[in-house]
Amino acid sequence: MSRFFATGSDSESEESSSADEITPKAPGTTFKQSLLLSDDEEDTKRVVRSAKDKRFEELTNLIKTIRNAMKIRDMAKCLEEFEQLCRAFLKSKTIVDKEGVPPFYIRLLADLEDYLNQLWEDKEGKKKMNKNNAKALSTLRQKIRKYNRDYETEIAAYKEVDWGILSQCCVFGPHSLFKVRSSCKQSLAQEGEKTSEKKKDVRKKRHKKKERLEEEAEEEGGEEAEGGWEKVKGGVPLVKEKPKMFAKGTEINTAVVVKKLNEILQARGKKGTDRAAQIELLHALAAISQENNLGQGILVKIKFNIIASLYDYNPNLAAFMKADMWKKCLDCIDELLDILFDNNNIFIGENIAEDSENLGISDQPFRVRGCILTLVERMDEEFTKIMQNTDPHSQEYVDNLKDEGRVCGIIDRLLSYLETKGSTEEICRIYLRRILHTYYKFDYKAHRRSLGLQGETKSEQDQEESEGEDSAVIMDRLCKFIYAKDRTDRIRTCAILCHIYHHALHSRWYQARDLMLMSHLQDNIQHADPPVQILYNRTMVQLGICAFRQGMIKDAHNALLDIQSSGRAKELLGQGLLMRNMQERNAEQEKIEKRRQVPFHMHINLELLECVYLVSAMLLEIPYMAAHEFDARRRMISKQFHHQLRVGERQPLLGPPESMREHVVAASKAMKMGDWRTCHSFIINEKMNSKVWDLFPETQRVREMLVRKIQEESLRTYLFTYSSVYDSISMETLSEMFELELPTVHSIISKMIINEELMASLDQPTQTVVMHRTEPTSLQNMALQLAEKLGGLVENNERVFDLKQGVYGGYFNRDQKGGYQQKQGYQRDQKGGYQQKQGGYQRGGYRNQNQSNY
Amino acid sequence: KGGKKKKKPSNNKPLMQTKNEHKSVVLKIIKHYQEEGQGSEVVQGVLLGLVVEDRLEITNCFPFPQHTEDDADFDEVQYQMEMMRSLRHVNIDHLHVGWYQSTYYGSFVSRALLDSQFSYQHAIEESVVLIYDPIKTAQGSLSLKAYRLTPKLMEICKEKDFTPEGLKKANIGFEHMFEEVPIVIKNSHLISVLMWELEDKSTVADKHELLNLSSSNHLEKSLQLLMDRVDDMSQDIVKYNTYSRNLSKQQQQKHQYLQRRQQENAQRQSRGEPPLPEEDITKMFKPPQPPPRMDTLLIAGQINNYCQNVKEFTSQTLGKLFMAEALQGHNN
């Protein structure tokens, strides 16, 4: 049809070329890109094809390209494609083994060889060739010779075969040519499913086009009728069709509209197709069908296609939808849902085959092929993409974020639709979508209600009422459904993680922890895909922060340790890429990583995270350090915390703290001296409040908890550090010093005594702690350390001796028995340790005697 | 002139067994440290004197100037020569007979000391090194020791063979590295007078520094240093251990290889083929680099030194403590 416009003006061809520019493509990569795009394709159209079809189609595509290259004597291209073909053929080996070598493949090999030989003979032509081509020619000739040796019999057979088969191949040839062309951009998946239609199309048009075929045979061989093709040469866009969608007087019925729809769709994805115009066309078609009252079925079908085309509008995965497209898309989905809700008799599904569709108005319910769920999922992904690509600090971001309400609304509507009509799996999928939109939002309404407050203003109250149930209840319901019904592990894992996150966010620590422990996700999360791992990391972090709010310092520290110790928290949480890795990853990886980023409004505040971690580490580490001051084998609880301390120490001049880290370091120093007031003032002050603490929903409670913890841990630190100075100390004094109630002081000290951290006893009548002074002095400590080191020295020496004696297993055995290596605390079990050591010596001596015997 | 002093009657030991020293030299060394040495910093200087019969008399000394950053091109040798020349002009003994060095808690057995004493002793056979311990001296008893390298060690240093085998062959232990030379100090009358005067002037507390009972500080320091050395020692041993394990592993490999070779040759012979050509075995199996053992030896010597110090110190302190106890009992 586009032949009529073959004489299109220059401006039009410019238009089409400008359309081309939207999708600039390197000629060599078209094929690959089309594969890439196929992921992007409208999922409703996907049909599972046999592996054979897929492989063979790939081969035929390549063959076509080679033939084209042959025609224009582009040897370099020929060579390149031939190499690709060989690779593709190798890939389809299993199928070939089963089916035999496909005839078209043999045909190409034979033809190519003949052709090359011919070229080779043509000395004149060879001279004219440019260097590249000449080189490629000789390479290719050698290659094909070698390659054809493996197929000699087949090729010979082929050459003998009469023209009957050949003509058969011819039919196949042009057909596949058609496919090559269109699949340059269109997805293979869609292609395959349309094949049958096209075949019909092709045959119908075949006889009409015969004459033209002959004309153009020289240049383009089996040139096909479709407009998309011609544009490559003539640059005639489809837009021109618009004025006459249907010939005047045509009776517009369902069949005609469907045919038209298919026609439009066939242009889809082809090079030079004006996508915007295509969308317009579809809209027009929808309007026409509505005008003519063709029924909801066809309308739904067209809508499906409109939305799909909207998604197609962007040529690659990385680009995001433009605002107007996005709006259109939302509107369209909304309308589609309206129709679906209004008409109960429409069945949609991706498993309804194209030919079993029922679009016409009849007594039977409509049956339309397509999957609304996939569309909505895609919409959600597009939304994420838009958010990822918007500057989070701009007004634009806020505006875009406002659409979230609509997205959620659509998801909600679809959810209620699917709950009545969808299968369990579909329900699980849409539930997960809903959960993903809920889990990270703090439910202020429920929070306020739990505090017993009413909304301050009337309007807020109204809003509350309209909002319905608590997010916690919703989460619970949806997640439990998924736990029970889901069959794919991934959805369940995501649901669990979101559930935990939501619990943690709302300070339901025990539920969150139990769920985390019961799910055993910690054991196997490393096998999950990166987005799930990111979700897991987010959940862990949120869990840690929740534990901190609840005052479970140790749990908080443990939960955050993994994320914080790596120093890559930003990357692990999907909140940005690290600069230092820039050199290590290439552009491709970077793109993938960028796609994984969590949109800004879902971010976890990294400073808050680090602060929580450091403060937890401080509360754990400082008393520990004080308790094990002289212990040579002391382990660090938190490396990062120590690192911060060291950084602080290295400062030549110590000013008042500025950053959050400096505050924590300064507080730690104060705590080391048991000075809780200074520590308190460093941790909780204006600066820190605005930076960190005010970000918690229950700020006041958290601060109170913190003060309390600081007092307690400072008391412990004080006792560890200065117990050697005291003979006895009154608990009352302590309680005054640390502003803790007497019973608390009592309990802390008792605990320390029980744990043998503090060598003291409580004197009840006088309310004093009496120190026992069993802690070794520093000199004694030193001597103990020295003894230990000497033990090591002796042991090492023994090894040398062992070696001399030629016995290798000797000391290993002894180690197991617990010789010197059993480094039992010299402090507490001095006797035990010493005895063991002696045992070691004796054994050593005994063994040595034995050895000297032989 | 500070001190032209008489010599102590020598015992019947061979040359260099006794060393006479003039009090003025001691005072100069102490003064040098007081003025320039701080903490663990070490001061050094040159000893001058002459050999008389089997004694070495040290009659004078002068310090090495402290090095600073800005006079990097300062020529030490030039300075020494200049100094000695000047001394000769005023007719003082100007023969180079060794050098002195201060020490920090008895840590002086080091590679540097070994090297420089070796070169001294190599050039001037009778040279000694005087080690002055300011900390011990501050506690009330002058600590001054003279050392020389033993002839055995001299041999080894000459050959520069510090491999395990070399040391084994020389049969040298850390005990035999240095020999201490007894010191006798002679005072001129003038100096004695000065000393008396000083004693008169000094306060009671200064005089009884010797009786100080506190010990932990000194012991802690010593233990700390001792521990460091023990750590070094452990490391060296581990290194040596790895070495010997590698060595034996290689020996085994070599052995296996040779055996295989032999078998193969035997087979070939039975088949009437010529034997495989001999290959350079040493090239195929390069023996691992043996770790130098001299450092270990020095560390051992140093550890021994620390132990002696601690022993000495503790026995003294114990004595003092018993004395104090007795006194207290008496008072009660």
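First the proteins, then the strands, lettered A, B, ... as listed; each starts at 1. Atoms considered below: every heavy atom in the structure, side chains included; atoms not considered: hydrogens, waters and symmetry mates.
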query = Does the pair B/Glu264 and B/Arg261 meet the rule for a salt bridge (charged side-chain N to carboxylate O under 4.0 Å, His left out), with working shown?
reply = CA-CA 5 Å; B/Glu264 213 168 306; B/Arg261 234 344 168 23; 5.3 Å; no
request  = For A/Glu621 and A/His642, run side-chain contact (heavy atoms from CB on, under 4.5 Å): C-alpha distance rounded to whole Å, both residues' side-chain angles, the deciding distance at 0.1 Å, then the answer.
outcome  = CA-CA 9 Å; A/Glu621 185 90 71; A/His642 275 273; 3.2 Å; yes
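In this structure, B/Phe174 and B/Gly301 approach most closely via the heavy-atom pair CB-N, 3.7 Å.
Residues of residues 218-232 of chain B that come within less than 4.5 angstrom of chain A, heavy atom to heavy atom, are B/Leu219, B/Glu220, B/Leu223, B/Gln224, B/Leu226, B/Met227, B/Val230, B/Asp231 in numerical order.
In this structure a side-chain-to-backbone donor-acceptor pair under 3.5 Å is present from B/Ser102 to B/Val43. Of the possible donor and acceptor atoms, none in the side chain of A/Thr721 sits under 3.5 Å from a partner among the backbone N and O of A/Ala626.
In this structure A/Ala617 satisfies the side chain to side chain contact (heavy atoms under 4.5 Å, CB included) test together with A/His557, A/Ser638, A/Phe641, sequence neighbours excluded.
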